[in-house]
Structures are given as C-alpha cells and as structure tokens.
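Just below is one structure, and these are the notes that go with it.
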Amino acid sequence: MSFERALVVFAHPDDAEFGSAGTVATWTAAGTEVTYVCVTDGSAGSNEPGAVREELATIREAEQRAACDVLGVKECVFLGWLDGEVEPTLALRKAITRQVRRVRPDVLMAPDPVRWWDEGRQYINHPDHRNVGQACMAVVNPDAPTRPQFAELLDEGFEPFEIPNLWIPAWEGDADTFVDISGAIDKKIEALRCHKSQIRDEPVDEWIRERAKQRGEPHGYEYAESYRTFRLTDEARAEAEEEG
Ligand SMILES: [Zn+2]
C-alpha cells in the first residue's frame with residue numbers, strides 16, 4: 001500500500017509512536033509525506049508532586065518533534081487541548097477538519113473510537129484516545145467532505161475533502177491489514193525513546209519487539225503493526241483491488 005500523503009491524528013505525544021511509528025517510518029522512507037496532529041499538550045503526563053503543566057507541555061512538544069525527526073515526519077501540528085479533558089466536541093471536530101482539508105491526505109490514521117480496554121483486561125483505555133477517535137469518525141463523515149459543515153473553514157480557504165482511506169491501529173485481534181515493519185522497528189524504538197519524560201528505565205525495546213513479533217509472525221513478517229482499514233471512495237476501492 002503506497003500513499004502520497006498521510007495524516008496521523010492522536011491524543012498525546014507518544015501515542016503515535018506506540019501505535020504506528022513503524023508504519024510511518026516505512027512510509028516516509030518510500031516517499032510518503034506524513035503530517036502529525038497531536039490533539040493535547042501532554043501536560044498530565046507526570047504524577048510527580050510539584051510537576052507544572054506548562055513546563056511538561058513544553059518538554060513533551062520538544063520530545064514529539066524529536067520523534068518526528070527520527071521518523072521523517074514532515075510536520076507536527078499541536079492543537080493545544082488540555083491533556084485529560086478531551087471530549088468529541090464540535091470545536092475539536094472543526095480543528096481536525098481544518099487540518100484534513102489543508103493536508104488533503106490519501107489516508108487518515110485515527111485512534112479506535114470504541115476501545116474501552118485491552119484484550120487481556122490489564123488496563124482501561126484513556127478516554128482522550130477514544131474521544132479523539134470519535135471526533136475523527138465525525139470528521140471523516142460528515143465534517144471534512146460536506147460543504148455546509150463548518151462554513152467558516154471555507155472563508156479560511158479550506159475546501160471540502162473526502163478522505164479516501166481510514167486506518168485505525170487495531171490491538172484486539174480484529175485487524176485486517178498487517179504492515180511489515182521489520183526494516184523500521186529500530187526507528188520505532190528510537191522514536192519512542194525520544195519521549196524521555198515518559199520512558200525512563202522501562203524495557204521498551206522488549207515490549208515493542210515482543211508485540212510486533214506476535215503480530216508479524218502469523219503473516220510471515222519478523223515484525224508488524226496491525227490495522228483495521230476502511231476504503232471510503234470508489235478510487236480507494238479500485239486501487240485496493242488492483243493491489244490484490
Ligand atoms: Zn495517550
């Protein structure tokens with residue numbers, strides 16, 4: 001699967017690295033122009049007494065930009081929502097729609113809107129993730145392609161746009177697409193390690209390799225990331241058919 005332009009929308013700095021950095025590194029190496037949209041400021045990413053939200057937000061933005069440099073991501077937009085307080089509001093839908101209409105991506109990567117917990121029931125999903133996912137679903141339809149929706153965006157010069165492909169990182173064994181990231185796993189780990197305020201002594205290399213191996217092995221790859229994918233236009237469906 002090759003795309004000219006990809007837009008990756010996520011809630012917190014480091015979310016995209018965990019979910020899809022191997023795919024992104026593989027795509028950028030093949031010439032795909034990748035834009036990141038980080039919804040929150042990541043300012044709740046510390047439980048240290050005395051941690052200051054503003055300071056953490058600055059640190060986390062710098063960490064995210066460093067990760068983007070590792071992955072060859074062209075641009076990272078921060079929407080500035082407060083970490084921990086994301087709701088799928090019209091304001092958020094409009095902010096994401098603005099980016100979609102500006103970038104006009106061949107594929108939108110968005111968080112799972114219905115994932116409440118992990119398969120092993122070892123943790124409850126952060127509501128920011130799910131709420132960003134919900135907002136993205138509304139952006140796909142109706143917000144981005146519908147002219148009367150958020151008419152102010154027309155005044156800003158952003159014409160409607162129909163997103164051809166939607167990819168959702170799938171953790172639950174219901175993925176339909178497995179991307180071979182064997183050549184990009186080192187970049188994924190390097191990008192994750194840029195999030196120094198979040199990852200200290202944890203054996204992140206082991207976790208990442210183990211999970212990527214579980215996903216890859218049944219499909220003949222050393223390492224893989226997995227997605228549930230949607231082909232939303234006739235062109236996208238025709239292209240998918242051609243590629244078999
Ligand atoms: Zn997160």
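Atoms within each ligand, like the ligands themselves, are counted from 1 in listed order.
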Checking distances from the Zn ion (ligand 1), one finds that the N, O or S atom of Asp15 closest to it is OD1

By side-chain hydrogen bond (donor to acceptor under 3.5 Å, both in side chains), Arg104 pairs with (sequence neighbours left out) none

Applying salt bridge (charged side-chain N to carboxylate O under 4.0 Å, His left out) to Lys213 and not counting sequence neighbours gives none

To the Zn ion (ligand 1), the closest N, O or S atom belonging to His12 is ND1

Exercise. Counting backbone and side-chain atoms alike, does His126 have an N/O/S atom under 2.8 Å from the Zn ion (ligand 1)?
Worked result: no

Worksheet item: With a cut-off of under 6.0 Å to the ring centre and 45° to the axis, is Arg130 in cation-pi contact with Trp116?
Response: yes

Exercise for review: Give a yes or no on whether Asp14 keeps an N, O or S atom under 2.8 Å from the Zn ion (ligand 1).
Suggested key: no

* Output, in order, the C-alpha distance, side-chain angles, deciding distance and verdict of side chain to side chain contact (heavy atoms under 4.5 Å, CB included) for Ile185 and Ile208. => CA-CA 8 Å; Ile185 188 105; Ile208 295 298; 3.9 Å; yes

